[in-house]
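Start at 1 with the first residue, then count along the sequence. Just so it is clear, the values below take in all heavy atoms, side chains as well, and ignore hydrogens, waters and symmetry mates. Just so you know, ligand 1 is whichever comes first in the structure, and atom 1 is the first atom listed for that ligand.
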Amino acid sequence: MCLGGFMPYRNELDDVVSRGLERIIRDRSCSGDNPANSSARIMLENKQLIHFSSNDYLGLANHPILKNAAADALCACGTGGMASRLMAGGTTYHKKLEEAIARLKGTEAALALNSGYTANSSLIPALAREGDLILSDALNHASIVDGCRLSRAQTVIYRHRDTEHLRELLKKAQGKRRIVITDTVFSMDGDIAPLPDIVAACREHDALLYIDDAHGTGVLGGGRGTLHHFGITPEPWIIQMGTFSKALGSFGAYVAASHDIIRWLINSGRGFIFSTALPAPVVAASLAAVELIEKDTTLNSALWENRSYLADELHKIGIDTVPSETPIIPVAVGDIETTLAAAQKLFDQGIYAPAIRPPTVPTPRLRITVSAGHTKDELEKLCTTLKELQ
Ligand SMILES: *Cc1c(COP(=O)(O)O)cnc(C)c1O
């Protein structure tokens, strides 16, 4: 309705639309009836598509073991979280999940949080405050950027994956508390942070290291994550954050660290203190996922087999997959308009690989993610269709 001609945000919206940047939400039908390779299929606008945009790398979001665990917890504990854990207490599911994460990550303790966004935007301000220095990779996730802003610490961005630059900045800031923050797997380019070198730099300069393993957990190191991938031993000054919402097929996030750091975060993480606990069914699904990847690496191997196959096929048709080193593969096809047209063409051919545009990324691209559930035929169809676009 138009009140006296005043149309709030209409100008802003017109601007977004005219630049081809409006984001919309499409209707998705649940694929629970087809759990076999649900991570590889999606039903959008009533159209069945091969899904190359899921973060459900292992297909766990529709796995019977997770569903049964969630259903049992639903019957035992109900749907709601009731209050924050400091008020209403934590269930045994929460406790067991945190023990499982600490075991998986090789730390003394862990804490579950309501989402990756909540974790970064509330843990970073709990760890850094005015007078401290945060050194943050130029391509870190938006939730890290927001956490840094909320912390009021001085934040200096170092060039993407550039440890020489990081070392220079660390040298200049002796005497302050310094926290280095990096994604492990960068969510848009699929490249990996040079953690062995970053860990060495932090050790030389007595800095803390905070890593966001959202896309590494379940994927790298046989599923155990990026520190394990590099054979790095956890240290009391390394804080590992990650999510249950991607390869683990559930929802929520964790932070794994020393007892002291976890106690500090319980006492100062605003997104933990002032938010209702995750409901037990969600926590039970996360727990089942962690236990599954701990003992069975079949899905992880299938994921990597598909990833190498797709990368090889893309190379054969002249598509460069650099800098990707993971199941996230960006494919640049041109400017915003060309990229949108390419995504639409793929959509028409039954393939879902959406265009990612600024401001999410500096340059437009199709962002392809491969999962354990894709068949060779599906990977080949993607390549054939991409080839026709060239
Ligand atoms: C997805 C993602 C998050 C946010 O996690 P949610 O659980 O979806 O809120 C944080 N960091 C990185 C690197 C991510 O990719």
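Between Y93 and S286, the side chains place no donor N or O within less than 3.5 Å of an acceptor N or O (distance only, hydrogens not considered). Checked by atom type, the side-chain pair Y352/K47 shows no donor-acceptor distance below 3.5 Å. Under 3.5 Å, the side chains of N300 and Y57 contain no donor-acceptor pair of N or O atoms.
Close approach of ligand 1 to D183 is summarised as follows: ligand atoms under 4.0 Å from at least one heavy atom of the residue are 13 (C). For ligand 1, the atoms closer than 4.0 angstrom to any heavy atom of S143 are 10 (C), 11 (N). Set against the non-hydrogen atoms of H215, the atoms of ligand 1 under 4.0 Å away are 15 (O). Near D212, meaning under 4.0 Å from one of its heavy atoms, ligand 1 places the atoms 10 (C), 11 (N), 12 (C), 13 (C).
Between S245 and ligand 1, at least one pair of N/O atoms sits closer than 3.5 Å. Residue T243 has no N or O atom closer than 3.5 Å to an N or O atom of ligand 1. The N/O atoms of V185, backbone and side chain alike, include none that comes under 3.5 Å of an N/O atom in ligand 1. Ligand 1 has an N or O atom lying under 3.5 Å from an N or O atom of K246, backbone or side chain.
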As a quick check of understanding, evaluate ring-ring contact (aromatic ring centres under 6.0 Å, His included) for F186 and H160, giving each step before the final call.
CA-CA 10 Å; F186 291 89; H160 180 51; 4.4 Å; yes
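The closest protein non-hydrogen atom to atom 9 (O) of ligand 1 is Y117 N, 2.9 Å. Annotation: atom 5 (O) of ligand 1 to nearest protein heavy atom, G116 CA, 3.2 Å.
At a heavy-atom cutoff of 4.0 Å, ligand 1 is contacted by the side chain of A214 but not by its backbone.
Taking CD1 of I157 as the reference point, atom OG of S136 lies at 4.5 Å (rounded to 0.5 Å).
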